[in-house]
Amino acid sequence: MTPSSPQLAAIKSALFLACLIPGFFLWRGFELDTLGANPIETVTRSLGEWTLRFLLITLTVTPLRKYTGWHWLIRLRRMLGLFTFAYGLSHLLTYVWLDQFFDWEAIAKDIIKRPFITVGFAALMLMLPLAVTSSNFAIRKLGGRRWQSLHRSIYPIAILGCVHFWWLVKKDVTWPLVYAVITVALLGIRAWWREQERRKQLAGGYLPKPKFEGKVIKIFAK
Amino acid sequence: MLIRPPADILPSEITDPDVYRARRRFIAQAGGLALATALPAGHAHAALGPLVASPLSTTEGQTSRKAVTTYNNFYELGTDKSDPAENTHRLKPAPWQLRIEGLVNKPRSFGIDEILKLAPLEERIYRMRCVEGWSMVIPWVGIPLATLLKQADPQGSAKYVEFVSHYDKTTMTRGVLDWPYTEGLRLDEARHPLTLLAVGLYGDVLPVQNGAPVRLVVPWKYGFKSGKSIVAIRLVEKQPVTAWMKAGPSEYGFYSNVNPDVDHPRWSQATERRIGEFSKRKTLMYNGYADQVAAMYSGMDLRRFF
């Protein structure tokens, strides 16, 4: 199943709108005052959770593509990654603006002294180069391989995101655990592929046909 | 000529208006109380009254009843703030018995109606500061805890008071904390005039999500020190280990006095968000009750005894 160009364009537009939905509902909820007694906390926390969700959805693209053979899914990954960054940035902005009200001294103290904020801030900062290089131009400039190794930093970023959530909750770690398990599964499956690939090389002594190597090139429109 | 028919009720049989009004008031109040304890809270507001105003009350703006009754930390009914108000069916506030035991000369149990008769009900408008960094102003209704303690006649060897909350593993949250929820105070803290045994808020019977039918309110300490739905008060010699101390000994100490200078290991306690307000405000030492309580801690290293 491979959608035609106009079909893909339609899918992309639909996905773009879908990605805006959580933000839209939070905005409406804030305006209509339906976010409970502490709306600022609700907005900040929801944006943080959506960042983590988008990150995990982005990480699902490759396994999904591998097991379904729908290689066109890769064409959606950049948008998902950029939305992850956008939600992460909004999360930081609500903290800086609504939570701390631009009290830079308090913010700086928080980042240095509070491990959960340190970790969350680091995760977002590490995402910045990925967001900046999410363009065909950047891939061409960096070269596929270098671009790919840079973008592999999304794996530690995902771990940092989970740790950020885990350290933030007071006691009930049910939800942080759910995200952690999904993250471990998504990273674990990649480690497993790698291991298999390595064994195949050792056993057969041959160079396997490039599977993901160079697939990056597919991002370019033909 | 006017012929009057004989009156079919003798004047002596007519009830005096004062008497029947008093009767009606009694029935309304008793009925209201029964209704409030029988129905899930939030559906009926059963008024408690009459209430005596207290000089210990703050004149600050009160947090809306809606916020006070929908934004709660009551882990037995769920760990999200909105959970307790949605899970009120998990706790039956009537019938209820509160035991006073341990190092007392007169151990005994109290029903809620007995507690209501111990002293005139007072309205106490207190600030409430949660360890998570938010605060409210709540008009509680209750009696001084000291009044109840006096009934049991604590022995000289009693130095601390342990409070045990209701727990039913068939209906309530499992895991998270070591149930039942326990809290503790030093005896002088428990006897302090500010320490309140609350049975209501906003002039009405205490809603389930706020700790029905009877809870503790210790306004100069973080909110979790004020145990909800209390079934036992135990006088002991040694400092009790509370549920939060077991859960995180480095994060939650026995005293847990509100202190802007001693941070929670994971977040700052310097400021707080008053629910309903946009920007944060500075947290006050002992939650603004320093004049009344600071003397109890003079000479203590508050970083060590956090």
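Reminder, nothing fancy here: chain letters follow the sequence lines and each chain counts from 1.
A donor-acceptor pair shorter than 3.5 Å can be found between the side chains of B:Tyr71 and A:Glu41. With no hydrogens or angles considered, no side-chain donor-acceptor pair links B:Arg215 and B:Ser229 at under 3.5 Å. A donor atom on one side chain and an acceptor atom on the other are found under 3.5 Å apart for A:His151 and A:Thr133. Looking at A:Tyr87 and A:Arg53, their side chains never bring a donor and an acceptor atom within 3.5 Å of each other.
Using bins of under 30°, 30° to 60° and over 60° for the plane-to-plane angle, the ring pair B:His264/B:Trp267 lands in the parallel bin. Ring geometry, A:Phe54 versus A:Phe83: the interplanar angle falls under 30°, so the pair is classed parallel (tilted spans 30 to 60°).
Separation of the B:Tyr181 and B:Tyr75 ring centroids does not fall under the 6.0 Å cut-off. The distance between the ring centers of B:Tyr167 and B:Trp179 falls below 6.0 angstrom. The ring of A:Tyr179 has its center no closer than 6.0 angstrom to the ring center of A:Trp166.
For residues 240-261 of chain B, heavy-atom neighbours of chain A at less than 4.5 Å comprise B:Trp244, B:Ala247, B:Tyr252, sorted by residue number.
Considering only heavy-atom pairs separated by less than 4.5 Å from chain A, the leading option among B:Lys66, B:Glu132, B:Glu277 is B:Glu132. When each of A:Leu98, A:Asp110, A:Asp99 is checked for heavy-atom pairs under 4.5 Å with chain B, A:Asp99 comes out on top. The choice from B:Ser64, B:Ala67, B:Ser268 that makes the most heavy-atom pairs within less than 4.5 Å of chain A is B:Ser268. Contacts with chain A were tallied for B:Asp263, B:Thr63, B:Thr271; B:Asp263 has the most, counting heavy-atom pairs under 4.5 Å.
Using a 4.5 Å cut-off between heavy atoms, B:Ser82 makes no contact with chain A at all. Using a 4.5 Å cut-off between heavy atoms, A:Val173 makes no contact with chain B at all. Contacts of B:Val68 with chain A are absent, with no heavy-atom separation under 4.5 Å from either backbone or side chain. Heavy atoms closer than 4.5 Å to chain A are found nowhere in B:Asn72, neither backbone nor side chain.
Looking at A:His164, its side chain does come within 3.5 Å of a backbone N or O of A:Phe116 through a donor-acceptor pair.
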